[in-house]
Amino acid sequence: MAHIVTPLDQPSNYKDSQSRVDRSTQNELLSRTSTLYVGNLSFYTTEEQIYELFSKCTTPEDGGGIKRIIMGLDRNTRTPCGFCFVEYYSHAEALACLRYISGTKLDERIIRCDLDLGYRDGRQFGRGKSGGQVRDEHRDDYDPGRGGWGAQAQRAEIERKREMEVRYHDSQDVPGAVAGGGGDWKEAEHTSENTLKRARSPEDEGDSGRGEPRPKVEDDAGRM
């Protein structure tokens with residue numbers, strides 16, 4: 001049965017594209033590594049939650065335990081982007097956590113673990129064009145735990161809104177368009193009404209033009 005059931009503590013066939021070692025050298029390094037790569041994390045999962053879960057398979061009484069946790073960060077915003085590295089003091093502890101924790105839930109997400117060649121400075125940042133992980137660059141579904149829509153879908157939505165704004169702006173310049181939500185025609189109508197009114201002359205309110213009454217005169221019939 002040993003050749004039928006895949007061992008749970010074996011690394012995947014993934015090879016870091018930026019690693020300069022060949023496959024045989026990689027397998028040798030993975031056989032001694034004490035670092036785990038953890039993926040499919042929620043952007044809201046904290047380092048404290050990761051420490052609590054991944055310390056369950058450690059043996060601090062024997063000098064083991066978690067050495068450090070490096071949270072994966074968006075390259076532009078410096079916020080968590082869904083992965084981390086967990087370094088242990090021994091290879092056996094890394095294997096134990098790979099065996100018992102990979103495939104379990106954390107923050108209602110099924111996380112995946114893999115043996116890693118070891119953390120190097122700079123690997124904490126996402127490699128996607130938008131600053132996050134590459135997988136979120138091409139994701140076309142909505143995942144609230146990983147920032148909503150994928151980066152390409154978000155860019156397409158932003159571009160669609162920009163085109164709509166440009167189209168609406170251009171429509172205001174054509175003949176017969178109502179600009180400014182209808183405010184301009186109201187102002188024009190009010191101006192035309194004022195121009196149609198006859199200006200008051202001094203004779204309407206007296207020679208002085210200051211509202212003094214005009215003197216009463218008799219008409220031909222002798223009426224005042």
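- Within the structure, the salt bridge (Lys or Arg N to Asp or Glu O under 4.0 Å) test picks out the following pairs touching residues 67-85 (sequence neighbours left out): Arg68-Glu87.
- For residues 144-163, the set of pairs meeting the ring pair (Phe, Tyr, Trp, His ring centres under 6.0 Å) definition, not counting sequence neighbours, comprises Tyr142-Trp149.
- Residues in residues 130-143 take part in these salt bridge (Lys or Arg N to Asp or Glu O under 4.0 Å) pairs, two or more places apart or across chains: Arg109-Asp143, Asp136-Arg139, Asp136-Arg146, Glu137-Arg155, Arg139-Asp141.
- At distances below 3.5 Å, not a single donor-acceptor pair connects side-chain atoms of Thr58 with backbone N or O atoms of Pro60.
- Side chain of Glu93 to main chain of Gly65: a donor-acceptor pair is present (N/O by atom type, distance under 3.5 Å, no hydrogens or angles).
- The structure places CZ of Arg99 at 11.5 Å from CD1 of Ile101, a figure rounded to the nearest 0.5 Å.
- In this structure Arg120 satisfies the salt bridge (charged side-chain N to carboxylate O under 4.0 Å, His left out) test with no other residue, sequence neighbours excluded.
- Residue pairs meeting the salt bridge (Lys or Arg N to Asp or Glu O under 4.0 Å) criterion with at least one partner in residues 23-39, sequence neighbours excluded, are Glu28-Arg32.
- Between the OG1 atom of Thr104 and the CZ atom of Arg112 there is a distance of 13.0 Å, given to the nearest 0.5 Å.
- Interatomic distance, CE of Met164 versus CZ of Arg160, reported as 6.5 Å (0.5 Å rounding).
- The side-chain heavy atoms of Thr35 and Leu115, taken from C-beta on, include no pair separated by under 4.5 Å.
- Legend: residues meeting side chain to side chain donor-acceptor pair (under 3.5 Å) with Thr79, ordered by chain and number and at least two apart, are Thr77.
- Scanning for side chain to side chain donor-acceptor pair (under 3.5 Å) contacts around Thr25 gives Asp22, with sequence neighbours left out.
- For Thr45, the side chain to side chain donor-acceptor pair (under 3.5 Å) partners are Asp107, not counting sequence neighbours.
- Note on Tyr37: it does not cluster hydrophobically with Met71, by side-chain heavy-atom contacts below 4.5 Å among ILVMFWY residues.
- With a 4.5 Å cut-off on side-chain heavy atoms, Ile111 and Lys105 do not count as touching.
- Note on residues 34-49: no pairs pass salt bridge (Lys or Arg N to Asp or Glu O under 4.0 Å), not counting sequence neighbours.
- Of the possible donor and acceptor atoms, none in the side chain of Glu52 sits under 3.5 Å from a partner among the backbone N and O of Gln49.
- For residues 88-129, the ring pair (Phe, Tyr, Trp, His ring centres under 6.0 Å) pairs, not counting sequence neighbours, are Phe85-Tyr119.
- Cys84 places none of its side-chain heavy atoms less than 4.5 Å from the side chain of Ile70.
- Formation of a donor-acceptor pair under 3.5 Å by the Ser102 side chain with backbone atoms of Cys113 is found in this model.
- The main-chain N or O of Gly72 is never found under 3.5 Å from a side-chain atom of Arg123 such that the two would form a donor-acceptor pair.
- Under the ring pair (Phe, Tyr, Trp, His ring centres under 6.0 Å) criterion, no residue pair touches residues 38-65, with sequence neighbours excluded.
- For Ser19, there are no side chain to side chain donor-acceptor pair (under 3.5 Å) partners at least two apart in sequence or on another chain.
- Summarising the geometry of Ser55 relative to Ile66, their closest heavy-atom pair is N-CD1, 3.8 Å, with the distance given to 0.1 Å.
- For the pair Cys57 and Cys97, the minimum side-chain heavy-atom distance is below 4.5 Å.
- By the 4.5 Å heavy-atom criterion applied to side chains, Asp114 and Leu36 are not counted as neighbours.
- Of all non-hydrogen atoms in Asp116 and Thr33, the two that sit nearest each other are O-OG1, 2.6 Å.
- At a threshold of 4.5 Å between side-chain heavy atoms, the hydrophobic network of Ile, Leu, Val, Met, Phe, Trp and Tyr places Leu41 and Leu53 in one connected group.
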- request: Begin with the C-alpha distance, continue with both residues' side-chain angles, and end with the deciding distance and a verdict on side chain to side chain contact (heavy atoms under 4.5 Å, CB included) for Val38 and Ile50.
  value: CA-CA 10 Å; Val38 184; Ile50 296 171; 5.7 Å; no

